[in-house]
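One structure is given here, and the rest of the page talks about it.
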Amino acid sequence: MIEVYTQKLDDVWFGVACDQGQIAATSFNVSQKMLLSNLLEIIPYSEPFQVFCKPSDFAKETLTNLKRIYCGENVNTIFPLAFASLPTYTQKVLKATLQIPVGFVTSYGEIAKAVGGSPRAVGNVMASNPFAPIVPCHRVVKTDLSLGGYGGGLKVKVEFLSREKRGFSTSKQVQVNKGAFKVFPAEHVLKNFV
DNA sequence: TGCAAACCATAAC
DNA sequence: GTTATGGTTTGCA
């Protein structure tokens with residue numbers, strides 16, 4: 001039985017779907033209706049689920065952390081994400097995306113170079129990211145440092161990046177399992193929006 | 001700039 | 001199996 005919890009924190013709804021102590025999906029939205037719709041779309045139709053009004057302790061902690069990420073804070077928590085049910089390639093891309101530090105962005109192509117596959121395929125994984133905003137798909141942009149797309153709307157993507165900017169000025173390398181990819185300061189993207 | 005073609009993993013049929 | 005579909009990228013006019 002998958003347990004679904006939602007909670008409103010400072011005008012934004014956050015939600016988590018828990019499956020046997022693991023996180024099957026997370027999401028956020030200004031409307032609770034949309035949030036539930038997003039979450040339920042992620043969990044398989046065949047899985048029985050129940051929506052709870054009151055969060056469990058674990059859910060409460062997770063939702064609080066989601067909000068902190070949403071606010072642009074550094075959150076070091078390791079979340080028990082349910083990767084096992086996802087395709088291998090999807091897992092690789094999501095795990096690489098997890099390595100992008102707060103205040104930095106990278107491109108679809110950079111991730112593709114690090115984990116294999118094509119930028120297009122990486123975009124597909126982002127588009128169906130079950131763990132927003134834990135997996136920071138908002139930190140992935142196009143090669144020319146223009147935005148690309150975002151599930152929650154481009155405005156939200158920009159807002160995320162401006163809350164996360166840390167004043168970095170130089171790019172750096174991030175190691176993943178096999179390869180490495182380059183990350184750029186979030187400012188490099190934001191400057192196109194002044 | 002702008003457009004066409006290559007890209008490649010998924011999901012849906 | 002096969003096809004359609006992208007949160008892309010690159011090359012070429």
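Reckoned from all heavy atoms, side chains included, excluding hydrogens, waters and symmetry mates. Here the structure is a predicted model, which is why all the values come from computation and not from measurement. Residue numbers begin at 1 in each chain, while the letters A, B, ... track the order of the sequences.
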Please pick, from C:dG7, C:dT8, C:dG6, the nucleotide with the shortest atom-to-atom distance to any side-chain atom of A:Lys157.
C:dG7
If you apply the rule side-chain hydrogen bond (donor to acceptor under 3.5 Å, both in side chains), what do you find for A:Gln7 with A:Tyr5, and how did you get there?
CA-CA 7 Å; A:Gln7 189 176 19; A:Tyr5 302 94; over 6 Å; no
Give A:Thr90 one of three labels, base, sugar-phosphate or nothing, depending on what nucleic acid heavy atoms sit under 4.0 Å from its own.
sugar-phosphate
Base of C:dG7 paired with side chain of A:Tyr108 (donor-acceptor, under 3.5 Å):
yes
Measure from the side-chain N and O atoms of A:Thr6 to the backbone N and O of A:Phe14, and report whether any donor-acceptor pair falls under 3.5 Å.
no
Which whole-number value in Å describes the distance from A:Met126 CE to C:dG7 C1'?
9 Å
Starting at CZ of A:Arg120 and ending at P of B:dA5, how long is that distance when rounded to a whole Å?
14 Å
Under 3.5 Å on both distances, the Watson-Crick or G-U partner of C:dG7
none
With heavy atoms under 4.0 Å as the rule, sort A:Tyr89 into base, sugar-phosphate or nothing.
sugar-phosphate
Assert: residue with more 5' nearest nucleotide on DNA chain C, out of A:Ala121 and A:Glu110, is A:Ala121
Can a donor-acceptor pair be found, under 3.5 Å and without considering hydrogens, that links the side chain of A:Tyr89 to the backbone of A:Gly116?
yes
Assign A:Val140 to base, sugar-phosphate, or nothing according to its heavy-atom contacts below 4.0 angstrom with the strands shown.
base
If you check every side-chain atom of A:Pro119, which of B:dT10, C:dT9, B:dC7 has the closest atom?
C:dT9
CD1 of A:Ile111 versus C1' of C:dG6: gap in Å, rounded?
16 Å
With a 4.0 Å limit, can you tell me whether A:Thr143 has a side-chain N or O closer than that to the phosphate oxygens OP1/OP2 of C:dT9?
yes
Gap between atoms CG and P, on A:Asp144 and C:dT8 respectively (whole Å)
10 Å
Quick one: label A:Gly116 by what it contacts on the DNA or RNA (base, sugar-phosphate, nothing), any heavy atom closer than 4.0 Å.
nothing
Rounded to whole angstroms, how far apart are CG on A:Asn129 and C1' on C:dG7?
11 Å
Nearest-angstrom distance from the residue atom NZ of A:Lys113 to C1' of B:dC8:
17 Å
Taking CD from A:Glu41 and P from B:dA11, how many angstroms apart are they, rounded to a whole number?
13 Å
Hydrophobic clusters here meaning ILVMFWY residues chained together by side-chain heavy-atom distances under 4.5 Å, can you tell me if A:Tyr70 and A:Leu36 are in one?
no
With respect to the side chain of A:Pro87, which nucleotide from B:dA11, C:dT9, C:dG7 is positioned closest?
B:dA11
Any donor-acceptor N/O pair, A:Thr26 side chain to A:Val16 backbone, under 3.5 Å:
no
To the nearest angstrom, how far is A:Lys142 atom NZ from C:dT10 atom P?
12 Å
